[in-house]
Amino acid sequence: MKGRKLLMIPGPIEFEPEVLRAMSAVTTSHVAPSFINSFGNALDLMQKVWLAPNGQPFVVAGSGTLAMDMAVANLVETGDNVLVVSTGYFGKRYQDILERYQTNVTFLDAPVGEIPSLESIENALKSKAYKLVTMTHVDTSTGVLVRPKEIAALAKKYNALSILDGVCSVAGEEIKQEEWGIDVVLTASQKAVGVPPGLALLVASSKAMQTWEHRKTLVPNYYADWKNWLPIMKAYQGRKPSYFGTPPVNLIMALETSLKIIHEEGIAIRVQKHQQLANAFREAITALGLNILPSKKEDAANTLTAIYYPSGVEAGEFLKQLSKLDVIVAGGLLPELKTKYFRVGHMGAVTSIDIISTLSAIEFALVKCGFTFESGIGLSTFQKILNKEIE
Ligand code: PMP
């Protein structure tokens, strides 16, 4: 693909050629035996990649926001108390979604770049009975990584369900859904799962399914209601035809292909690769004299990095210089800091060569913007750290 632009935003990402080939295969009937088998395989593979062998997977046409909506539409009822642990823009989105379902939302956040403390989460949970707790594993607006294991354990201690927005983390960050007792882990196809945009993906625990079964009221959202989708997922997993809404056939074939690649590589190796690349990239950025948005390095995500512009460097000019080199990164997303930082995605099929190209372009753009640093220091730091890590 000579002449292509290098897409380094935090989703959609660049996809494996095999996944793109699955997208361009002849579209079959959604009840063709070959497709039933692909859909069934994709659902089985989700249980493996999510490390939730007893979880109930759902695959529905839509984006990550639908996955967020579907999880809570099925689990909350009017008047429920819910706790949103927020580390940025997508925590706020969960608050907005939950308010549509007439729940009482407690919104717990922290200064930008930080994570609400476990103590503050426990204090909130102690204060009244909560139905559920939501958390964003990696908030794509800040690049902050939370520790879902500890938050899920607290939710469990206080008899609340836990939902992990893993849109920017599933298949890139460590998640052991069943071992950690997380009730719903949700994502979208276009990020570390490695499939073009269009699929809302989630896996629900047995406890989440029981909570849904024992609802007193109807799910007030027709499209998201598990009553419509559960028989479909069960049918495909049993390799039987079924229909509720036409499934996005090619996207699901691409999902099967991508999950196979991830599973065959091994989820633990995949996660470690993300950690190694991200760590070397963060060190390179620091060596250039730039600061990252998360307050502590150990709270920084491995799927993307949010980076402050150094003083004197203007967002518009910097991004223009980068795009001259055909490297595409994302601008800021937090409204209050929009022009103060940029974001680089490094997940899924990303390679060290992609990151080297990106760092080289960042160095070029910084020079063009009048920022001074030791020439090549970002690139050499990246290579030094990465070589040490993979030795
Ligand atoms: N949550 C997080 C953490 C995200 O990064 C995103 C998308 N960037 C979403 C939710 C929403 O996903 P979508 O844009 O696919 O609706």
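Counting starts at 1 for both ligands and their atoms, following the listed order.
No side-chain donor-acceptor contact under 3.5 Å links Ser34 and Asn37. Side-chain atoms of Tyr101 and Asn221 include a donor-acceptor pair closer than 3.5 Å.
Remark: Tyr309 pairs with no residue by the side-chain hydrogen bond (donor to acceptor under 3.5 Å, both in side chains) rule, at least two apart or across chains. For Leu251, the side-chain contact (heavy atoms from CB on, under 4.5 Å) partners two or more places apart in sequence, or in a different chain, are Met23, Val195, Pro196, Leu199, Pro248. Evaluation of the side-chain contact (heavy atoms from CB on, under 4.5 Å) rule for Lys126 yields Glu122, Asn123, Tyr158 as partners, not counting sequence neighbours.
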Just list the N/O pairs, ligand 1 to protein, that are under 3.5 Å apart, with the distance for each.
residue: ligand 1; atom: 1 (N); partner: Asp165; partner atom: OD1; Å: 3.3
residue: ligand 1; atom: 1 (N); partner: Asp165; partner atom: OD2; Å: 2.7
residue: ligand 1; atom: 5 (O); partner: Thr140; partner atom: OG1; Å: 2.3
residue: ligand 1; atom: 5 (O); partner: Lys191; partner atom: NZ; Å: 3.1
residue: ligand 1; atom: 8 (N); partner: Lys191; partner atom: NZ; Å: 2.8
residue: ligand 1; atom: 15 (O); partner: Gly64; partner atom: N; Å: 2.8
residue: ligand 1; atom: 15 (O); partner: Gln190; partner atom: NE2; Å: 2.9
residue: ligand 1; atom: 16 (O); partner: Ser63; partner atom: OG; Å: 2.5
residue: ligand 1; atom: 16 (O); partner: Gly64; partner atom: N; Å: 3.3
residue: ligand 1; atom: 16 (O); partner: Thr65; partner atom: N; Å: 2.9
residue: ligand 1; atom: 16 (O); partner: Thr65; partner atom: OG1; Å: 2.5

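The six-membered or imidazole ring of Phe35 lies away from that of His30, with a centre-to-centre distance of 6.0 Å or more.
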